[in-house]
Amino acid sequence: MDIFIKNIVDILKVEVPLSGEEIEGFIEIPPDLEKGDYAFPCFAIAKQLRNAPAKISAELAQKLPTGDIITGIKAIGPYLNFYVSRKMFFKTILNDVFTESDSYGCSDLGKGKTAVIDYSSPNIAKHLAVHHLRSAVIGNAIHNIHKTLGYRCVGINHLGDWGTQFGQLIVAFKRWGPDTKDQGSIQETGLDINKLNKLYVQFHKEAKENPALEDEARDWFKKLENGNEEARETWQYFKEISLSEFERVYEKLGITFDSYAGESFYNDMLDDTVDRIKEAGLSEISEEALIVNLEEYDMPPCILRKKDDASLYATRDICAAEYRKREYDFDKLIYVVGSEQKLHFNQFFKVLELMGYEWVSSCEHVDFGLVKFKGGKMSTREGKVILLEDLLEESCKIAMEIIEGKNAELENKEEVANAIGIGAIIFSELSSKRVKDVLFDWDEILNFDGETGPYVQYTHARLCSVLRKCGETATNDIGHDLLKEDDELLLVKKLEFFQLTLIRAAKSCEPSIVSKYLLDLCSTFNRFYQHHRILIDDAELKKARVLLVDSVRQVIKNGLGILGLKAPERM
RNA sequence: GCGCCCGUAGCUCAGCUGGAUAGAGCAACGGUUUCCUAAAUCGUAGGUCAGAGGUUCGAAUCCUCUCGGGCGUACCA
């Protein structure tokens, strides 16, 4: 709790029949500066005091004492409004930002705790398409937010590298893929991700005509699970091809993982997991499959073993959760996966609960809406996709064109264009709340004006430019009472809320809270910038404003980093 | 059918655990660059917060129903 709110609580405690904690909960920020810096609404205590809220606030305004920190108390209707010492306020906040610099916003909230975050997790043997972006970008941001709050974070890419789909691919590869008879080794077939992708699409097309192919595919997956050598070798090769492609894209996006333990990783542990469920008396055979009946909980059964005894994704997810608890002893296990899988998570979370794992309450499915075309859902199966790499490339190209038009002299144009092009894509993914479905629109995603990543990056670059031209570096030693403008106060108020913003974003696993905050901060700064000069003759005021500008720069930089965007100093 | 999610300006979205006049951006129209990067900024216009009830001193926010849209609903992930 900051010293200003603490002070207000202390003052109020004397006259108000509420605990300090309760009072703090009621304190809010007035809608504009004239109404003060903090407010206490008197509705809640009206009943207890048997008096009208407006009267109570008027009386309190008379009674309560002011001091060095709280310099004014005024009643406006039912609200009791507090005015803090601007000098104190500027001094406290600007000092914090200055001394903490790159770690401003950090806290020890998550100290000693571990957050495991499962994100991206694409199915291999297919291109990364634009609808794969959401999990990766949102998960990466959630990872960074938690890290900033002091959590030990483990980012896991739970690769979809197991399952019936690999049976399908093997079938397709054997039927329509390059011939291996003459070349011996599968590595010499010249297969690449494009061809793999085509095989996948072709399988689903042909399987519509010829359902027997599905049985053949299930059969091959079963062989794969049982360690059949041909199946293994083919699968391994598919995986290598895919991973090298994925890593290239992740690098462009600046997204990293601590572990690539995908679904196949758990294959050898599956039996133990299933045995535990059996022993707990939770499973039964139904329609030849091994299931956990969840009728009692109004859910379809959770299938552990298909009739051919092969595993399903629920089996592997249960096993993975157990493993992660053993391996990392997490306090939070976050799955960043599309909302269409909600039921699946509810099902296997329920099974974990029935198995007696209390820690299931710290597992959370952080869901997000679908990416759609104007024509409908994007589908890798039907080959209806926009490739992620194409989108990134196009975005960087546009960024480069803009730089050529505006700042052709820029030294590291390519690097900056990539930072902005990629930044635009990432930011647009994070700018609205997760749950919303998004309609993919080239024009919208490639627009660099208004509430966008480039807007935030541009503001940052502009700040850096001012500081460069200033000639001297920002110093902490300024006359805080020289900052008299409302725009200056508004800016520092935003800076104050950075950490609270991160805490709220972590609580709801909602990175858009951070992106909205940054847009707000930038817009506040740009307004200030438009109306007030920084590099002025008055040396003392200039020094004060330079510190203010440097603080804003610092917070924007920290915020962009957390969201996974670069903060170029020139653009 | 049942379950979950969504429905705020022409479009895309904010609106903290209910609170002081519902806010941005895009698109449209009109201003601001001999001045710290105009990827900016200022202004105009645009809203029965899907609809109807209810709870409350007070509802875009909570509850119920209706309508509209999305997703899911046993051997895919």
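Below, read A as the first sequence line, B as the second, and so on, with proteins coming before strands; counting in each chain starts at 1.
- Among residues two or more places apart in sequence or in another chain, the side chain to side chain donor-acceptor pair (under 3.5 Å) test is passed with Asp487(A) by His532(A).
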Please tabulate the protein-to-nucleotide N/O contacts below 3.5 Å involving nucleotides 54-59 of chain B, giving atom names and distances.
none

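- For Lys566(A), there are no side chain to side chain donor-acceptor pair (under 3.5 Å) partners, not counting sequence neighbours.
- If you check residues 504-520 of chain A against RNA chain B, the residues with a heavy atom closer than 4.0 Å are Arg504(A), Lys516(A), listed by number.
- Here side-chain hydrogen bond (donor to acceptor under 3.5 Å, both in side chains) pairs that include residues 295-306 of chain A, with residues two or more places apart or in two chains, are Thr164(A)-Lys306(A), Asp271(A)-Arg305(A).
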Contact pattern, 5' to 3', of nucleotides 20-28 of chain B - B, S or - by protein heavy atom under 4.0 Å: BB--BSS--
task: Give the dot-bracket string for RNA chain B, reading 5' to 3', where a pair is Watson-Crick or G-U wobble with both distances under 3.5 Å, ( ) marks pairs inside the strand, [ ] marks pairs crossing earlier ones, | marks a partner on another strand, and . marks unpaired.
output: (((((((..((((.....[...)))).(((((.......))))).....(((((..]....))))))))))))....
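- Annotation: side chain to side chain donor-acceptor pair (under 3.5 Å) contacts of Gln347(A) (sequence neighbours excluded): none.
- Taking Lys35(A) as the reference, Asp32(A) meet the salt bridge (Lys or Arg N to Asp or Glu O under 4.0 Å) condition, with sequence neighbours excluded.
- Not counting sequence neighbours, Asp309(A) has no partner by the side chain to side chain donor-acceptor pair (under 3.5 Å) test.
- Take Glu451(A) and apply the salt bridge (Lys or Arg N to Asp or Glu O under 4.0 Å) test, not counting sequence neighbours, and it matches no residue.
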Quiz: residues 533-541 of chain A side-chain donor-acceptor pairs under 3.5 angstrom, not counting sequence neighbours:
from	atom 1	to	atom 2	distance (Å)
Asp538(A)	OD1	Glu540(A)	N	3.2
Asp538(A)	OD1	Leu541(A)	N	3.2

